[in-house]
Amino acid sequence: MSKDIIANTITSIRNADIDRKGIVRIGSNNITENIIKILLREGFIENVRKHQEGDKIFFILTLRHRRNRKGPYRTSLNLKRISRPGLRIYSNYQKMPKILGGMGIVILSTSRGIMTDREARREKIGGEILCYIW
């Protein structure tokens, strides 16, 4: 298990979506909590609840899946980690990429907290690009 919390979170969600699992259990910390709030607010996941076992706290996510089960399964949630511990990627608000022409979102870590690309453009601040979601 690596020390990259964001990559572990993204990989857990992506693998659960590919396997058509409805529920994912993710360890709790501040960065994960902010990313999950953004995913919930943008409609990529259906529900989030906190669960405590002993002294450890977990988030239990309910993923959103296609209702039509005929034909081959296509993932409805695509996540890609951009900035990583060995290579940090930064962008200002003017040169921030648009995913699928604005259909996807970019999650940024800014001086005002973790936010989406739309919020960062509105506030005219840049930051470290954490991941793309579409």
Side-chain angles (χ1 to χ4, degrees):
M1 184 152 175
S2 69
K3 297 282 184 180
D4 191 4
I5 299 166
I6 300 167
N8 289 342
T9 302
I10 289 172
T11 303
S12 297
I13 295 170
R14 185 185 318 117
N15 288 342
D17 186 51
I18 290 171
D19 290 342
R20 290 187 178 184
K21 295 191 178 188
I23 296 175
V24 182
R25 190 173 113 172
I26 297 174
S28 173
N29 60 34
N30 290 336
I31 296 171
T32 305
E33 184 175 358
N34 290 329
I35 290 174
I36 289 171
K37 284 180 184 177
I38 289 173
L39 290 174
L40 183 65
R41 187 175 62 228
E42 295 290 328
F44 289 105
I45 57 177
E46 286 184 14
N47 192 12
V48 177
R49 61 188 168 100
K50 274 190 176 180
H51 180 69
Q52 186 170 0
E53 290 180 7
D55 60 343
K56 295 184 180 180
I57 299 173
F58 297 98
F59 289 111
I60 298 178
L61 309 177
T62 305
L63 298 179
R64 184 169 300 224
H65 290 291
R66 286 190 326 164
R67 302 292 183 232
N68 184 8
R69 299 220 178 223
K70 295 179 183 176
Y73 178 71
R74 294 187 188 125
T75 58
S76 61
L77 185 62
N78 293 308
L79 300 118
K80 184 176 181 185
R81 177 83 158 114
I82 302 302
S83 185
R84 50 193 168 92
L87 179 64
R88 303 291 186 182
I89 307 293
Y90 297 94
S91 177
N92 62 9
Y93 75 95
Q94 296 163 335
K95 295 183 181 178
M96 204 169 302
K98 288 189 178 182
I99 307 302
L100 293 177
M103 303 265 308
I105 62 171
V106 177
I107 295 182
L108 299 160
S109 175
T110 66
S111 59
R112 297 185 192 159
I114 295 177
M115 61 178 65
T116 64
D117 57 335
R118 291 181 208 113
E119 295 167 348
R121 281 190 194 99
R122 191 177 326 119
E123 295 185 21
K124 296 187 177 180
I125 56 174
E128 180 183 355
I129 299 176
L130 298 178
C131 60
Y132 296 157
I133 301 171
W134 70 95

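In this text, all values refer to a predicted model and were calculated from it rather than measured experimentally. Because only heavy atoms are used, hydrogens play no part in the values below, and waters and symmetry mates are left out as well, while side chains stay in.
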On a heavy-atom basis, the closest approach of Glu46 and Leu40 is O-CD1, 3.5 Å
Nearest heavy atoms of Leu100 and Gly104, plus distance in Å:
CB-N, 4.4 Å
Would you say that Phe44 contacts Ile105 through its side chain, given a criterion of any heavy-atom pair below 4.5 Å between the two side chains?
yes
Under the side chain to side chain donor-acceptor pair (under 3.5 Å) test, residues paired with Arg122 that sit two or more places apart
none
Hey, does the side chain of Arg49 reach the backbone of Leu61 with a donor-acceptor pair shorter than 3.5 angstrom?
no
Qualifying residues under salt bridge (Lys or Arg N to Asp or Glu O under 4.0 Å), relative to Arg121, sequence neighbours excluded:
Asp117
Main chain of Ser28, side chain of Thr32: is a donor-acceptor contact present, judged purely on distance under 3.5 Å?
no
So with a 6.0 Å cut-off around CG of Leu87, is the heavy-atom count from everything else above 12?
yes
When every non-hydrogen atom of Leu79 is compared with those of Arg14, the smallest separation belongs to O-NH2, 3.1 Å
May I ask you to test the Ser91-Val106 pair for a side-chain heavy-atom distance under 4.5 Å?
no
Polar side-chain atom of Gln52 near backbone of Gly54 as donor-acceptor pair, under 3.5 Å:
yes
Test item: Leu130 and Arg81 side chains (from C-beta on) under 4.5 Å apart, heavy atoms
yes
Side chains of Glu123 and Met115: does their closest heavy-atom pair fall under 4.5 Å?
yes
